[in-house]
Amino acid sequence: MNAVWHIARKELADGLRNRWLLAISLLFALLAVGIAWFGAAAAGQVGFTSIPATIVSLASLATFLMPLIALLLAYDAIVGEDEGGTLLLLLTYPLGRGQILLGKFLGHGMILGLATLIGFGCAALAIVLLVEDVNAALLLWAFARFILSATLLGLVFLALAYLLSSLVTEKSSAAGLALGVWFFFVLVFDLALLGVLVLGKGALSPELLPWLLLLNPTDVFRLINLAGFESSGNALGVMALGGDLPVSPAWLWLCLLAWMGLFLGLAYLLFRKREV
């Protein structure tokens, strides 16, 4: 475990030196505060509206940002070390490839987790201090669940980034695959599912359609943050199918964990077979 921790600390130190933690935290804080106060500007309202509306808007924001940031953070974690010659040096030490992978995962995970906590935590603190008559207990519970689920979503795409990085031999290829994966999960998947709903005309069983949401980690993340709020009944697009999904919120959390474990396990298998 000491070897894993040393690698994790090295990745965290690199993230601090490269200003990743500061940049992500500031981005999350500014966007979260902006959404909390100006999210309803299109409807002619300025100012904090409600906790459910804020969380749902933040979840939509995180659906786009968390996967992209995680992929950019780690797409070159393996192939970059290989191209730079440092992977061969690492493997000369008494380190297993699983330890290297896990150490990098923990280090990058700490960067994402801290940035998410600081950035969105600042927004929660601003709401508590500046908004009168806000239900502080509900606000803290909603933000805690949101921050934890957003971090878990980031870990899923970190693991996917390692999978891509172990698969290719050039950083440019890893970058292209990372953008393609982000585009598929964040944009294409839901559009394809909507196309099935509109054009399929009964081609798929209505009972099967809600389960298809579980095939996309970003949809699972949004379902977690819609659960428990009255606004979830007004969900639009494919998220409206989530109300017909006969699973408890705990199963949605387990589903995200399963995606993370699957991607990390596949990344380890590819990394173990990689020739250096």
Side-chain angles (χ1 to χ4, degrees), residues 1-18 20-21 24 65-117 148-182 184-185 216-218 220-221 253-276:
M1 261 327 268
N2 284 336
V4 172
W5 176 240
H6 285 316
I7 295 173
R9 284 197 306 173
K10 184 261 183 187
E11 293 296 336
L12 179 60
D14 287 346
L16 292 173
R17 184 170 59 252
N18 296 330
W20 267 106
L21 181 60
I24 299 171
L65 284 183
M66 288 301 295
L68 182 61
I69 289 173
L71 290 167
L72 290 177
L73 189 61
Y75 78 92
D76 62 344
I78 304 300
V79 69
E81 297 273 15
D82 195 3
E83 281 192 355
T86 52
L87 181 58
L88 181 60
L89 178 63
L90 275 175
L91 293 175
T92 62
Y93 293 104
L95 292 171
R97 297 197 180 202
Q99 290 176 307
I100 295 174
L101 188 65
L102 185 58
K104 286 180 171 293
F105 182 70
L106 290 177
H108 287 142
M110 285 191 289
I111 294 173
L112 271 182
L114 286 172
T116 306
L117 178 61
L148 184 59
S149 61
T151 302
L152 185 53
L153 178 65
L155 293 179
V156 170
F157 280 88
L158 272 182
L160 181 53
Y162 296 136
L163 173 60
L164 300 176
S165 191
S166 301
L167 182 65
V168 299
T169 57
E170 296 180 352
K171 285 175 62 175
S172 58
S173 300
L177 282 176
L179 289 176
V181 163
W182 176 84
F184 172 77
F185 280 111
N216 187 347
T218 62
V220 177
F221 163 74
W253 287 93
L254 288 174
C255 185
L256 271 186
L257 286 171
W259 274 114
M260 182 187 71
L262 175 63
F263 289 145
L264 200 58
L266 290 175
Y268 171 68
L269 291 176
L270 288 175
F271 185 34
R272 190 177 63 178
K273 296 178 181 179
R274 186 185 183 93
E275 295 183 359
V276 180

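In this chain, residues are counted from 1 in sequence order.
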Within this structure, what is the [atom1]-[atom2] distance for the pair [X] and [Y], rounded to the nearest 0.5 Å?
X      : Y      : atom1 : atom2 : value
Leu102 : Leu95  : CG    : CG    : 12.0 Å
Leu163 : Leu177 : CG    : CG    : 9.5 Å
Leu101 : Tyr268 : CG    : OH    : 9.0 Å
Leu167 : Lys273 : CG    : NZ    : 12.0 Å
Phe271 : Ile100 : CZ    : CD1   : 4.5 Å
Ile111 : Leu106 : CD1   : CG    : 11.5 Å

For the student: nearest non-hydrogen atoms of [X] and [Y], plus distance:
X      : Y      : answer
Leu12  : Met110 : CD2-CE, 4.1 Å
Ala115 : Ile24  : CB-CG2, 3.4 Å
Ala77  : Ser165 : N-OG, 3.4 Å
Ile7   : Gly103 : CG2-C, 3.7 Å
Ser166 : Leu270 : CB-CB, 3.9 Å
Leu160 : Phe185 : CD2-CE1, 3.9 Å

Mind checking what makes side chain to side chain contact (heavy atoms under 4.5 Å, CB included) contact with Asp76, not counting sequence neighbours? Val79, Lys171
For Leu262, all residues meeting side chain to side chain contact (heavy atoms under 4.5 Å, CB included), sequence neighbours excluded: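 Residues passing side chain to side chain contact (heavy atoms under 4.5 Å, CB included) with Leu262: Trp259, Leu266.
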Do Arg274 side-chain atoms and Ile78 backbone N/O form a donor-acceptor pair below 3.5 Å?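 No.
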For Leu112, is there any backbone N or O sitting under 3.5 Å from a side-chain donor or acceptor partner on Thr116? yes
Identify, with sequence neighbours excluded, every residue that meets side-chain hydrogen bond (donor to acceptor under 3.5 Å, both in side chains) alongside Arg9. His6
Are side-chain heavy atoms of Leu179 and Tyr75 found at a separation under 4.5 Å? no
What salt bridge (Lys or Arg N to Asp or Glu O under 4.0 Å) pairs are there with at least one residue in residues 152-163, not counting sequence neighbours? none
Among residues two or more places apart or on two chains, list those pairs meeting side chain to side chain donor-acceptor pair (under 3.5 Å) that have a residue in residues 101-113. Glu11-Lys104, Glu11-His108, Glu81-Lys104, His108-Tyr162
Please list, one pair per line, the donor and acceptor atoms closer than 3.5 Å that link side chains of residues 149-158 to other protein atoms, with sequence neighbours excluded.
unit_1 : atom_1 : unit_2 : atom_2 : d
Ser149 : OG     : Arg145 : O      : 2.9
Ser149 : OG     : Phe146 : O      : 3.0
Ser149 : OG     : Asn225 : ND2    : 3.1
Thr151 : OG1    : Ile147 : O      : 2.8

